[in-house]
Structure formats: C-alpha cells, structure tokens
Amino acid sequence: MERYDAAIAEPKWQKVWDERGAFRAERDESRPKFYVLEMFPYPSGKIHMGHVRNYSLGDVMARYKRGRGFNVLHPMGWDAFGMPAENAAMQNNTHPGTWTYQNIDAMRAQLKAMGFSYDWEREFATCDPEYYAQQQALFLDMLEAGLIYRKNSVVNWDPVDQTVLANEQVIDGRGWRSGALVERRELNQWFFRISDMADELLAAIDGLKDWPDKVRLMQANWIGRSEGLEFDFEIAANDLSQSEKLTVYTTRHDTLFGASFAAISPDHPLAAEIAGKVPGLEDFITECRQMDTTEAAMETAEKKGFATGIEVIHPFDPNWRLPVYVANFILMDYGTGAIFGCPAHDQRDLDFARKYGLDVVAVVCPEDSDPATFEVENEAYVGPGKLINSRFLDGMEIAEGKEAVASRVGTRKVNFRLRDWGVSRQRYWGCPIPIVHCEKCGIVPVPKEDLPVKLPDDVALDQPGNPLDRHPTWRQVCCPECGGPALRETDTMDTFADSSWYFARFTCPDAKTPTDQADINYWMNVDQYIGGVEHAILHLLYSRFWCRAMHLTGHLPKSAIEPFEALFTQGMVTHETYSTLDSEGRPIWHAPDDLTAGEDQTLVVKETGESVSVGGSTKMSKSKRNVVDPEAIIAAYGADTARWFMLSDSPPDRDVEWTAAGVEGAARFLQRVWRLASEIAGTDRGDEPATFSEAAFALRKTTHRTIQGVGEDIESFTFNKAVARLYELANAISKLGSEDSDLRFARREAMEAMARLMEPMVPHFAEEIWALLGHSAPVVETPWPEAQEDLLSDDVIVMPVQVNGKKRAEISVPADAAKDTIEDMALTDASVQRFMDGKPPKKVIVVPGRIVNVVV
RNA sequence: GCGGGCGUGGUGGAACGGUAGACACAAGCGACUUAAAAUCGCUAGGGCUUAGCCCGUGCGGGUUCGACUCCCGCCGCCCGCACCA
C-alpha cells in the first residue's frame, strides 16, 4: 500500500499556504486579534532541537487560535547582534554582517521547512539598519526624558582583548578568551535608570496573572526590595581623615546595641582617603579588587578585614566607640557601602568577629531561652525574639525595637538589589549609541534626521579592542551643535536592548517611527509569549522596563507597559549521553550517530567496536555530543514527525527526552492514520442516518469528546494530553468496520475531526488527509469544529461503588437518577452486600455522576 | 545559606479530593510471511491459597466517608539567587 510521503507533501503544502497568504496578518478591527510570539533566535547558523520545540509549541497555539477565528499575528525575526559574529569574523576572516546574514538565510530555510505558520513579511533582524535606526531614535527620546545617564562604573576589563567582560565571561579571575588576569577598571558608561522603577516593576508583578509563579518570584527576588534605616556614625577625631561622619545602611537597627564594629567597602571614599596614610591598607585594597567575583569563589572566599585605626561613636552613647575596618565582603554599590556589624545576629559579622577577636553580644533572645544566660556561639541567631542588653529597647519585639530606633535616629530607606542597567559595550557588532562627544559642547545627541548612525562596513577585526575606536574616519564628525570637530561615541548597546522591544516592532515593521499608533493599539500586547526559562529575569525584566520607557516617551500606550499578557516557559530537549574512557580515565563522549548495536544488543562505537556506557539524559550540548540535528530528522522522517514527537508524552513545561524509538513511534502513528484515512476516503459519506447502532453512536461520542478535549488541552498548554486523545480517537476508529451506512458516517466524521484537530500539530499531514477525504479548500482555512452538546453526555453512566472506601462494585444508573435511586441500587448490589457483611450502613455518600461510598 | 519545584509500572506520563497507572515507548507472545520488515491481535504494577482477595503513587504522621492530590515532619533529586547588611 501506498505510504504517506512527507518529502513530497510538506513542500507542496508550504507552497500552497505561501501562495494563499494563509498566515499573513492584516489589521482588521472587526475581528478579535491574537498575538502569539516565540522568543526569536540568535542566528547561529542552524536551528537546534530547542528551537524546534519552542516553535512547535508556539505554532500549535497560533494555528489553533486561527482556527478559532482569531486574527492571529505570529511573526519571526532574528536577534542578530552580538559577540559570536565578531568571533566568527575573526576566525574566518569575514565580516560579522556577512556571517550573520548567511546564517539567517540558512535558518530561515530550515524554519520554512518546518512549516511554521509565520507571517514572513514581517521578518526583520535587529542588525538591519532600519531596525536599529528606530532603536537609536528611542534612545534619544529616553535620554531626553531623563531615563538614561552616564556615570563611572567599575567593570571587568580584559587587558589583552581590551574589552569589557560580563561577569559570566570571567573564569577564575581570567578572561574566558584571552586567559589574561582580569582587572577592575573604572569606565564612563551609559546607564538606563531601571532602578528608579524598581518599586513599580516589583508591584506590577502581581498583575502578571498568566505568568508562571516561578518566573514572577525570580523577578521579585532579583529586584530584591528591603526596608531599612540609613544613619550616620560620627567619626571620632583622628589624624587620618577629615570626614566627620560615616553613613551606614541596615535592616536590623533593632540590634544596634549589639554592634561591635563598623566596616566599609574597599571602594568606599573613606578607604580611598586614608589608603596612603595607613601602612598596608593600600595593598589590602588592591588585593580585594583582584578578588575573583564569580559565584563559586564568593562562596568559599574568606571574610577579611583591615583595621583602619579610625573609630566611630555609637549614636546612643557618646562614650561607646567602634573600630572601623575595611572589609572585603562589603559591596560599594549596595546601600551606602558601609555597615555596622552585629556579630550575634548576622553570620558574616560573626565569622568576622571571631576572626578578629571582636565582642559578640546577644541582643535578641529567642522565646524559649533565658535572657540571663542566652549566648551566641558559632551560629548567629536570626530568628524572632525579645530584645535584651539593649537599654531602652529591652523587652521589645524586633519590630518594636526597629520603630524605637528609627524614631530617634537616621532616615527610613528602601533599598533594592536591582542596579541600573549598564548598556555600553566596547564592541563593533551592536547598535551604535547615537551620541557625539564635542570638546566644546560636551555630550551631544545625534539629531534624529541624521539617524541611523550606521556601523561602518570597512572594519578590521584582526586586532583586539573595539574596531570602531581604530577606524580611520568613522569617529571624526562635526559637532551637531557648534559644527566644530567632535568624536562619535564608539560604544554600542547591550544586545538585550535590541530584544527589549522587537515584539512591538513586529506590529509595524516598516513604520518610519519606532511604532505606529494604529498598529500598536490593535496588535499589542503579546497574548502568548513562549520561550526558555533562562530568560526569566534579564530579557523579561528589561522588556518590562523598556516598555515603560517607551510609554513615557510616547511610543506605547499605558496599556502596553506590561507587554506580555501570558508567558509560557518550555522545558529543555535532552538526550542520553554515551561515553568511553580515555587512558587517564576521563570520559570521551560519543554522538548518537557514531554508535551502533553490538552483538549482545549493547551500544558500541561504530569505528572501534568499544562498548559505551550510557549516561543520564541531559540538555543537548556540543560538549556532551548528545545532539540530534533537526535537519537530519526532517530529511529522514519529515517535519511533522519531529513536531508530533515533540508534542507527545512530555508536558511542554517539562524536559523532553529525544529518543530514536519515540521518533519511530511518531512516524508509525502518522502512517497508521494515513492508512485509516485512505480506507475511509474510499467509502461514501452518505447522508446522516436517522438512527445509529450502539457502536456507531459510541464512536460519534468519542469524536465529539475529542473535539471538546483537544480544545481544552491546547488552551491549557497540556499538548501531550491532546495527543493522547487523538491516539484514542484513532484507536476508536480502527476498531470499527465500514459495512453499514451509520458506521461509514461515524468513521468519516471521526476522521474529518482527526484531520482538523491534528492541524495545529502536524499541519502538512493534516492537509494531506483532509484533501484525501475530498476537501478542496485547505484545512487551515476551515473553522475549528464545535463539539455537539448532545453527544458529550451519556444517558446511562457507570458508577463505582465503594464499601468503606474500597471499590467493590460498579452499577449502571441513568444519568439523571436521583440520589435515593442510586443509593438503593448500590445497597442492593450483590457484591456490595457481600462486603457489608450483613451490617446496616452507617452512612451512604452519593456523589452524582462520580461515586458511591457505603460506610458500615 | 535563601527561595522554588518535583518524587506514580521497565520508561515518558494520565488521574475537578471520588474506579491509580489513560495514552504512548520499550518488552513478551501469537497471526500473516519461505524468511524478514511492515501490519494486525493479545499480555503486561507487585503478590497470593487466582470465580476472588491482599498490598501498592519516596518515608512517617494527620485531616476526610474517601488522599497521588490537602496539612505537618523527614529523605532524595532538580532549578534559580547568593558576601544585598
């Protein structure tokens, strides 16, 4: 028998959709819109299974909503700026732009082969000058609105590559590329005032009802609001410093009488002031600055301090003096860069106090301890309790104590963990910051009519550093204000800026301004955003900020300051790992393709015949070599098989393990449905019979329940359940023959539903069987079916009967039976009576339509 | 350390507080075949004294007529954040 041939069907239907403009989105005020968006990819060169999953999920939603009558916007583009292009350019001696656009071409072809329902006419790349021109315009408006400023900031500087490194690019204190010892250097950089919006960004998280709780929590923690007190210590007269006071920030002002030292950051102005005057302090500060700032190092780093010799005076006792240390664990950019230490109730302070022999005085006593004897040894007490050893605070609860202190000294202050967003990058392949530096006029924005500030094409990437700095002419410009000689800003924007508003641009990709009001009002917000949880914080937070900034500058309405109505974060695609050991016992990883079945069914390496050990399933990665290339799967099975497998079994928010057997299974199922459809296509549909046999009626009910259920499952992102229902429907169809007209009718009805319901998941395949069944219009243009109410319920239902909570019988009762009737039927059932053991029922619980429980 | 999530057959997973294991993968048996592939059918949580019964959702308690589901306490795994005062 003929088989379904994806290699023929898939390109054929892609062409049909394309010719009919099936997925083109046009503004139409008369129809409700639905904006589905998947996180756009970085054009690395080829798509990977993570993309296949992400975009398959999004396509299910887009196609389903289209079937439901929504005017669907489902665009695709490219997050195309970034370092990999520069690295590739250096390695291959090409231009980053050439490399990027070639990759885009290759990946676009792959995505098209997957049959995703994108409106390709809206496609753009963030490196298109037309896009970044508008981003520059936004930058200028935001600058004018006071949302952007310049300040000096300490960065990780790689002295060999002459570039700034992100924290993640510093490994064991060295640059990840050059291996050079990273320095902390102060540079003048551009910042977005995201921290000014910290409170607002935090409060608005409550409104993000259709975001995963996990993501909302991660954002809340990232913003990190804390309420505390800022107050001054008077500095005791000394020979070292002219400063009169030291301002500290604390959230535990209730423990002020447990203070035994003050500490400042190595970057604190006071430290700088006295560094030269205290022997050894300069070296200590330098040492601190070289300290590794990675997480792993932080965890193990020792608390170190340096006594300055300066003392401060306790705010409530002029005779009480506290030594001031410079300490390596105090951060300059949180609070005031200075603290007071209360060792008894803060673990870090305790470690520090034990090391330097400072007093440890407990001032909070737990409820169940004796205030007279309570002491802190090696573990700081951070729980609730009453204040002790604290003069006028004695006997108060912590909250009362905080009140009492705050009413006498200092100012209440809310601090956030969130810092301003530094966007300057000393790189070529990014959006140029549209600024000119003039000796006379200072910082001058490039006039909007001169935008875009285009990247020069003729750049030399064969040396370290920013090629824009070295370009012979690009920097030299005339000052837009005075006309005198001036220099362009050579920093480019963080690529997170590019992805912070692309979703808005998709609504109007050709507009001459960043956004078009009519388009924005119609299409925004994104109704369903789908992507990896790895973007839970930065990308999503920056986007929320950027949209607020776009609102403040008149580019978005108030309603769009939260751009993503609903967010779904999908799991990873994993695969088993295979390894052998080298002579030193280190694992050598083997790709699935390099293996074959050995004699005793175990896996062996094709070339050497060595048997491999099978490791756990982990995220597909080059280093573990457990990667399966989507292109190979499409070539072997077709896009629909890959899509069907991706959607089967695993709930979309969990990891899915890619297995060869699973793919085979998916392919087999499609062939099976194909055979069924062919068989049914060969029979007449006929008119709807007046009566149905029990079997035909049952199939009709299954069909309509499937219609109902698949819709619900798609709405709730449990696509695996939708797939299971479709399996069940297929099973139900194949159980029956076509000998009678009512069966023929029911089977055809079921198969037509099957085709329509499968379309969001396996669209080419669905088109093929839809056509096979005799339809001339594509299934994508066919409305989603409605389940027939009367076929969703049963006249007679089977109810389980429990005796003392254990199922003992089943009874068939009319669906509309009264409770009493059901109870009578249950109690007279032979099996139920046997387990009642002749005793009278103490209680009978009847849950209509569900269960009966007899308690004896 | 802080925060969050998860734990169900050989495997992925189903199950408004109401028949645990739907559906699938892998497996086994059978049919068709000279044979294989493909296909179709059947079996399948564990146990027993097997018309049937008992035990089973990481472990221990609790609430309830009834708990995979809710509550408390453990154990294990995964993820996020982390010197944030």
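Each chain gets a letter, A, B and so on, in the order the sequences are listed, and its residues count up from 1.
Nucleic acid contact class of A:F835 (heavy atoms, under 4.0 Å, all strands): sugar-phosphate only. Backbone-only engagement by A:R654 is indicated by non-hydrogen atom pairs under 4.0 Å involving sugar-phosphate atoms exclusively. Among the heavy atoms of the strands, none lies under 4.0 Å from A:R216. Using a 4.0 Å heavy-atom distance criterion, A:I330 is classed as a base contact. A:N731 comes within 4.0 angstrom of the backbone, heavy atoms only, and of no base. Residue contacts shown for A:E810 include a base, since a base heavy atom lies under 4.0 Å away. Among the protein residues, A:D346 comes within range of no part of the nucleic acid, since none of its heavy atoms lies under 4.0 Å from any strand.
No hydrogens or angles were tested; on distance alone, nothing pairs the side chain of A:R672 with the base of B:rC40 as donor and acceptor under 3.5 Å.
Between B:rG17 and B:rC71, the two C1' atoms lie 13 Å apart (nearest whole Å). Taking the P atoms as reference points, B:rA31 lies 38 Å from B:rC54, given to the whole Å.
OP1 or OP2 of B:rC54 has at least one side-chain nitrogen or oxygen of A:R808 nearer than 4.0 Å. Proximity of A:K304 to the phosphate of B:rC83: no side-chain N or O atom is located under 4.0 Å from OP1 or OP2. For B:rA14, the OP1/OP2 oxygens have no side-chain nitrogen or oxygen of A:K721 closer than 4.0 Å.
Using cut-offs of 30° and 60° on the angle between ring planes, the pair A:F568 and A:F717 is parallel. The aromatic rings of A:Y334 and A:Y249 sit perpendicular to each other, their planes meeting at more than 60°, with 30° as the lower class boundary. Aromatic ring orientation, A:F765 versus A:Y4: perpendicular (interplanar angle above 60°, classes split at 30° and 60°). Between A:Y381 and A:H345, the angle of the ring planes goes over 60°, which puts this pair in the perpendicular group of the 30/60° scheme.
Across all strands shown, B:rA85 remains unpaired; no Watson-Crick or G-U wobble contact has both distances below 3.5 Å. Judged by Watson-Crick or G-U wobble contacts below 3.5 Å, the nucleotide B:rC25 has B:rG10 as its partner.
Each of A:L217 and A:M332 lies near RNA chain B, and the nucleotide nearest A:L217 is the one positioned closer to the 5' end.
Between A:T706 and A:E728 there is no side-chain heavy-atom pair separated by less than 4.5 Å.
Nearest to the side chain of A:N221, among B:rC84, B:rG3, B:rG13, sits B:rG3.
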